[in-house]
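What follows is a short report on a single structure.
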Amino acid sequence: MAASYVSLGWYYIRCAASRKVCKWQFLVLQPGCRFYGYSRGFQKKQTEGFKVGNTARSFAFVLGGTLGLYQTIKHYVQQHRAQQQFAKLQDSSTGLSLTLYQYKTCPFCSKVRAFLDFHSLPYEIVEVNPILRKEIKFSSYRKVPILIGENGEKVQINDSSVIISAIKTYLLSRDKNLSKVISYYPEMKSKDKKGKEITEYNNKYWVMLEDQDEWQYYPNKEARKEEMKWRKWVDDWLVHLISPNVYRTPGEALESFDYIVREGKFGVFEGFFAKYVGAAAMFFVSKRLKSRHNLHDDVRQDLYKAVDQWVAAVGKHRPFMGGNMPNLADLAVYGVLRVMEGLEAFNDIMANTKIKPWYQRMEENIRKGQEVER
């Protein structure tokens with residue numbers, strides 16, 4: 001149907017250009033698909049060619065052509081806007097020096113790396129020893145990831161979602177002031193029921209844009225709400241399905257800790273202790289996590305359901321939730337799932353859910369970003 005609309009639209013434009021068949025000189029498309037036609041001598045001959053018997057048919061042809069052209073132009077404008085946005089982010093990255101303190105196998109750290117790699121931002125990695133944590137002794141915040149950013153002054157950013165929101169805001173901001181950007185995400189400290197101090201952050205899922213810039217990066221308010229909703233879903237739900245699944249059985253727990261020790265920063269004794277004692281401990285911890293989050297006895301079913309829920313939210317008519325380019329929700333989901341690569345749980349979701357095509361598209365985009373960075 002769309003192809004026929006386009007053909008009809010092109011027919012009318014061609015007629016206008018030749019001035020042999022019809023009197024339309026040019027077409028103007030307006031929001032809401034309103035159609036306006038102009039021609040020399042239009043008022044004089046406005047009744048010619050529009051007999052009572054074929055007025056409706058002529059209008060239908062014109063409307064069809066207009067709709068087809070509108071949809072085609074809209075598609076290319078959105079695609080061009082996505083490409084411009086990506087190019088602008090690339091250009092805006094100059095002058096920012098970044099250092100990421102991480103555990104390589106941590107899903108929250110993986111989220112941050114996916115974001116930085118996609119945007120071709122160069123950064124240094126400091127792998128933190130998960131037992132002694134000497135590498136982050138400078139920080140009162142004792143978790144990872146921690147990102148240190150420098151653009152004239154050194155700024156520390158904590159929490160994966162805050163890091164992503166803050167750096168995206170910095171890239172899009174007209175005023176390249178990282179300290180000012182961080183002030184948009186104030187800390188809130190409180191204590192849980194056990195008296196343990198908890199640090200949270202206001203606005204952690206917001207990218208702070210000036211009103212005149214917002215439309216360039218979010219085509220409508222619904223797109224922004226959708227991105228925030230699914231970023232929060234990743235932190236509140238998806239990430240909590242990782243441990244119960246990768247430590248589901250003693251064999252999977254041992255496989256997971258072999259991967260953690262191999263990729264992490266451990267001494268010889270620490271590595272041996274972590275691999276065997278840690279695997280046994282996490283097997284039992286995963287059972288408690290299953291109970292805490294009300295998961296099924298077969299926790300794979302919860303993981304499959306969550307993954308298919310994400311695929312359904314992206315839909316069949318766009319490659320990413322962000323449209324032609326991944327948005328922050330795409331990067332968050334990809335970053336969390338990526339930490340399972342090479343493990344039985346990852347192979348199972350690729351085989352038993354519909355996520356593989358989306359995941360492969362994400363891999364390709366991350367790889368392109370890394371190639372630009374290099």
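Along the sequence shown, residues carry numbers from 1.
- Side chains of Glu227 and Tyr218: a donor on one and an acceptor on the other come within 3.5 Å.
- For the residue pair Glu153/Asn151, the side-chain donor-acceptor check at 3.5 Å is not satisfied.
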Checking side-chain contact (heavy atoms from CB on, under 4.5 Å) for the pair Asn129/Arg133: CA distance, chi angles, key distance, verdict? CA-CA 5 Å; Asn129 182 296; Arg133 293 184 290 179; 6.0 Å; no

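- Within 6.0 Å of the CZ atom in Phe138, the count of heavy atoms belonging to other residues, nucleotides or ligands exceeds 12.
- Residue Glu124 qualifies as open at atom CD: its count of foreign heavy atoms under 6.0 Å is 12 or below.
- Atom OG in Ser173 sits 7.0 Å away from atom NZ in Lys180 (nearest 0.5 Å).
- When the options Leu328, Ile164, Ile167 are evaluated for a side chain to side chain contact (heavy atoms under 4.5 Å, CB included) with Val207, the one that passes is Leu328.
- Ile366 CD1 to Glu371 CD: the interatomic distance, rounded to the nearest 0.5 Å, is 12.0 Å.
- Side-chain N or O atoms of Ser286 include one that pairs as donor or acceptor with a backbone N or O of Tyr247 at under 3.5 Å.
- Val277 and Phe283 fall into different hydrophobic clusters, where Ile, Leu, Val, Met, Phe, Trp and Tyr are joined by side-chain heavy atoms under 4.5 Å apart, directly or via other members.
- Two residues are said to be in side-chain contact when any heavy atoms from C-beta on lie closer than 4.5 Å; Arg231 and Asp235 fail this criterion.
- Aromatic ring orientation, Trp230 versus Trp233: perpendicular (interplanar angle above 60°, classes split at 30° and 60°).
- The line from CZ of Arg224 to CH2 of Trp206 is 4.5 Å long, rounded to the nearest 0.5 Å.
- At distances below 3.5 Å, at least one donor-acceptor pair connects side-chain atoms of Asp302 with backbone N or O atoms of His296.
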Dump the intermediate steps for side chain to side chain donor-acceptor pair (under 3.5 Å) on Asn202 and Tyr184, then the final yes or no. CA-CA 8 Å; Asn202 277 330; Tyr184 302 150; over 6 Å; no

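- Using a 3.5 Å distance cut-off with no hydrogens or angles, the side chains of Tyr359 and Glu341 do pair a donor with an acceptor.
- Of the possible donor and acceptor atoms, none in the side chain of Ser110 sits under 3.5 Å from a partner among the backbone N and O of Val336.
- Of all non-hydrogen atoms in Phe257 and Gly278, the two that sit nearest each other are CE1-O, 3.4 Å.
- Between the side chains of Ser160 and Lys111, at least one donor N or O lies within less than 3.5 Å of an accepting N or O.
- Ionic pairing of Arg338 and Glu363 is not present here: no N-O contact between side-chain nitrogen and carboxylate oxygen is shorter than 4.0 angstrom.
- Between Asn245 and Arg300, the closest side-chain pair of non-hydrogen atoms falls below 4.5 Å.
- Tyr170 approaches Lys176 most closely through the heavy-atom pair O-NZ, 2.8 Å.
- The CD1 atom of Ile136 sits 4.5 Å away from the CZ atom of Arg142 when rounded to the nearest 0.5 Å.
- Scanning both residues, Met321 and Val314, for their nearest heavy atoms gives N-CG1, 3.9 Å.
- Salt bridge status for Lys104 with Glu263: present, with a side-chain N to carboxylate O gap under 4.0 Å.
- The minimum heavy-atom distance between Tyr101 and Thr99, with the atom names listed, is CE1-CG2, 3.7 Å.
- Leu289 is not listed as a side-chain neighbour of Val299, based on a closest heavy-atom distance of 4.5 Å or more.
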Evaluate the salt bridge (Lys or Arg N to Asp or Glu O under 4.0 Å) criterion for residues Arg248 and Asp298: first the C-alpha distance (whole Å), next the side-chain angles of each, then the deciding distance (0.1 Å), finally the verdict. CA-CA 9 Å; Arg248 183 180 63 153; Asp298 181 4; 3.4 Å; yes

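- Side chain to side chain, Thr353 and Lys305 fail the donor-acceptor criterion of an N or O pair below 3.5 Å.
- More than 12 heavy atoms of other residues, nucleotides or ligands shown are found within 6.0 angstrom of NZ on Lys287.
- Between the side chain of Ser291 and the backbone N or O of Arg288, no donor-acceptor pair lies under 3.5 Å.
- A 4.5 Å side-chain heavy-atom check between Leu331 and His119 finds at least one atom pair inside the cut-off.
- Counting only heavy atoms from C-beta outward, the side chains of Ile146 and Tyr141 approach each other to under 4.5 Å.
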I'd like to know whether Tyr304 forms a side-chain contact (heavy atoms from CB on, under 4.5 Å) with Asp348, so could you lay out the CA-CA distance, the side-chain angles of the two residues, the decisive distance to 0.1 Å, and finally the verdict. CA-CA 9 Å; Tyr304 295 159; Asp348 283 349; 3.3 Å; yes

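- Across Thr169, Asn158, Asp159, a single residue satisfies side chain to side chain donor-acceptor pair (under 3.5 Å) together with Tyr185, and that is Thr169.
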Go through the steps to decide whether Tyr201 and Glu187 satisfy the test side-chain contact (heavy atoms from CB on, under 4.5 Å), and finish with yes or no. CA-CA 5 Å; Tyr201 297 87; Glu187 285 188 1; 3.1 Å; yes

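- Residues Arg113 and Gln102 form a side-chain contact, since some pair of their non-hydrogen atoms from C-beta on lies under 4.5 Å apart.
- In this model, a donor atom of one side chain and an acceptor atom of the other lie less than 3.5 Å apart for Ser139 and Gln156.
- The CD atom of Glu214 lies 11.5 Å from the CG atom of Leu172; values are rounded to the nearest 0.5 Å.
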When you look at Val181 and Val155, which way does the side-chain contact (heavy atoms from CB on, under 4.5 Å) test go after all the steps? CA-CA 10 Å; Val181 169; Val155 177; over 6 Å; no

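- Counting heavy atoms from C-beta outward, Ile182 and Ile157 have side chains that approach closer than 4.5 Å.
- The shortest side-chain heavy-atom distance between Pro145 and Ile163 falls under the 4.5 Å cut-off.
- Counting all heavy atoms, side chain and backbone alike, Asp308 lies closest to Asn352 at OD2-O, 4.5 Å.
- A salt bridge does not link Glu364 with Arg361: none of the charged nitrogens is closer than 4.0 Å to a carboxylate oxygen.
- Defined by atom type and a distance below 3.5 Å, a donor-acceptor pair is missing between the side-chain atoms of Asn203 and Ser165.
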Using the rule given for ring-ring contact (aromatic ring centres under 6.0 Å, His included), can you reason through Tyr334 versus Phe118, listing the C-alpha separation, both sets of side-chain angles and the distance that settles it, and then say yes or no? CA-CA 11 Å; Tyr334 172 79; Phe118 173 73; 10.0 Å; no

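- Considering CD of Glu127 and OG1 of Thr105, their distance stands at 7.5 Å, rounded to 0.5 Å.
- When every heavy atom of Glu344 is checked against every heavy atom of Glu255, the shortest pair comes out as N-OE1, 3.5 Å.
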